[in-house]
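Letters go in sequence order (proteins before strands), and every chain restarts at 1. Side chains are part of it too, since the values below use all heavy atoms of this structure and drop only hydrogens, waters and symmetry mates. Because the structure is a prediction, the values reported are computed rather than measured.
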2 protein chains.
Amino acid sequence: MPNGNHEKRRDAIRQLLLKGPAETQAWLVATLAADGHNATQSSVSRDLRELGAIKTARGYELPADNQAGDEQVAAVAGLLRTMQAAGPNLLVVKTAIGAAQRVALAFDRCNWPEVVGNIGGDDTVFVATESSIAQKNLITRIEHSARS
Amino acid sequence: MPNGNHEKRRDAIRQLLLKGPAETQAWLVATLAADGHNATQSSVSRDLRELGAIKTARGYELPADNQAGDEQVAAVAGLLRTMQAAGPNLLVVKTAIGAAQRVALAFDRCNWPEVVGNIGGDDTVFVATESSIAQKNLITRIEHSARS
DNA sequence: TCCGCATAAATATGCGCATAATTTGAACAT
DNA sequence: ATGTTCAAATTATGCGCATATTTATGCGGA
């Protein structure tokens, strides 16, 4: 394919984010270029999603890796089916039949700041978040944790 | 963006697959072109994934979908009590004592596009919808289905 | 016949481009 | 303060291209 710098570039981004938040994607593009990595804003956008980076007031940051949280979610990753926002502060997570309670418990244990609370039915979990932004960040977080 | 044919093209693919399996992606590309839809193999590949199409010995097929539909709701119509919107995207349905789970299951099976997900408690079902409009449509739909 | 192994066919994917969608910000009104 | 509206800035995404990856198809030797 066009370029196999994929992994290296992502590592570079990770390093940068560890030093401090990144204002904008454009800044990342420029800084990466200075380090010899070529990439467009498109790629950076996709990389950030892949890395599970979250946009905060300061800019893009890597979520403090809550080892415990990731493990909890990873443990039930196989039970997850789909996720969809319902309005600005409700996230609906569909799971394998009968697994919703277990998934809800896992989310609880993560102690994620975005989550106000959640309820599990049979194959559906309702997760209440405090705001629209929290909701979006939560989606990113779950996707990332489930893959790790 | 380059092209907004996205949805239409997918519909076209869906239609084709309903008529019969598609040998290869290349065949789909050609057939779509004949129907006036332009797309490369790349796009078709992604569309097929999006549609959930599966590759069988015959080629690509759509997984069989069970359209139970209104029957499900009609079956539990007698258990419904009241319905009320709670905010723009949550519908609260009260049911006969202990019937909520059954009602929630019926809603699930309907596969209504407005419904993001729902959870049944004891005599209450929370139904999450993606928007205020979806919610209103859903109310209409339930009322109609329950009467039929 | 049944394996490897080479090769071709088919499918999937990284990428940048163009552009859509969303968010931010400023100015003004309520 | 809070809401409203528009425009600019920022971010996200559909798409085709080029190419990587995976899967099917010989073909020769055991």
Open item on the list: Just checking A/Leu16: does its CG atom have more than 12 heavy atoms from other residues, nucleotides or ligands closer to it than 6.0 angstrom?
Closed with: yes
Open item on the list: What I want to check is whether the side chains of A/Glu61 and A/Thr56 have a donor and an acceptor closer together than 3.5 Å.
Closed with: yes
Listed pairs, N/O of protein and of nucleotides 23-25 of chain C, under 3.5 Å:
{"unit_1": "C/dT23", "atom_1": "OP1", "unit_2": "A/Lys136", "atom_2": "NZ", "d": "2.5"}

TODO: With sequence neighbours excluded, tell me which residues meet salt bridge (charged side-chain N to carboxylate O under 4.0 Å, His left out) with A/Lys94.
DONE: B/Asp108
Open item on the list: Once side-chain contact (heavy atoms from CB on, under 4.5 Å) is applied, do any residues pair with B/Ala33, and if so which ones, sequence neighbours excluded?
Closed with: none
- [ ] List in chain and number order the residues that pass salt bridge (charged side-chain N to carboxylate O under 4.0 Å, His left out) with A/Asp11, two or more places apart in sequence or in another chain; answer none if no residue qualifies.
- [x] A/Arg14
Open item on the list: Is the shortest side-chain heavy-atom distance between B/Val29 and B/Thr40 below 4.5 Å?
Closed with: no
Task: Beyond-backbone contact of B/Ile142 with B/Trp112, side-chain heavy atoms, under 4.5 angstrom - done: yes
Open item on the list: According to side-chain contact (heavy atoms from CB on, under 4.5 Å), who are the partners of A/Glu130, at least two apart in sequence or on a separate chain?
Closed with: A/Val116, A/Ala134
Open item on the list: Could you work out, with side-chain contact (heavy atoms from CB on, under 4.5 Å) as the rule, every residue matching B/Ile119, not counting sequence neighbours?
Closed with: A/Ile119, A/Thr124, A/Phe126
TODO: Sorted by first residue and then second, give each side chain to side chain donor-acceptor pair (under 3.5 Å) pair with at least one member in residues 77-88 of chain B; sequence neighbours left out.
DONE: none
Task: Gap between atoms NZ and C1', on A/Lys8 and C/dG14 respectively (whole Å) - done: 15 Å
- [ ] Could you tell me, to 10°, how much the axis swings from one end of the helix from C/dT1-D/dA30 to C/dT30-D/dA1 to the other, five pairs per end?
- [x] 50°
TODO: Please report, rounded to the nearest Å, how far the P atom of D/dC17 is from the CG atom of B/Asn38.
DONE: 11 Å
Task: Between C/dA10 (P) and B/Tyr60 (OH): distance, integer Å - done: 11 Å
Task: Those residues of residues 20-33 of chain B lying under 4.0 Å from DNA chain C by at least one heavy atom - done: B/Thr24, B/Gln25
Open item on the list: Rounded to whole Å, how long is the line connecting atom CD1 of B/Ile13 with atom C1' of C/dT11?
Closed with: 14 Å
Open item on the list: Using a 4.0 Å cut-off on heavy atoms, which residues in residues 40-52 of chain A reach DNA chain C? List them by number, or say none.
Closed with: A/Thr40, A/Ser42, A/Ser43, A/Arg46
Open item on the list: Would you say that more than 12 heavy atoms from the other residues, nucleotides or ligands in this model lie under 6.0 Å from the CG of A/Leu105, or not?
Closed with: yes
- [ ] Quick one: list whatever passes salt bridge (charged side-chain N to carboxylate O under 4.0 Å, His left out) with A/Arg46, sequence neighbours left out.
- [x] none
Task: Nucleotide D/dT11, atom P - distance to CD1 of A/Ile139 in whole Å - done: 19 Å
Task: Whole angstrom value for the distance that separates C1' of D/dT13 from CZ of B/Arg10 - done: 11 Å
Task: B/Arg49: partners by salt bridge (charged side-chain N to carboxylate O under 4.0 Å, His left out), with sequence neighbours left out - done: none
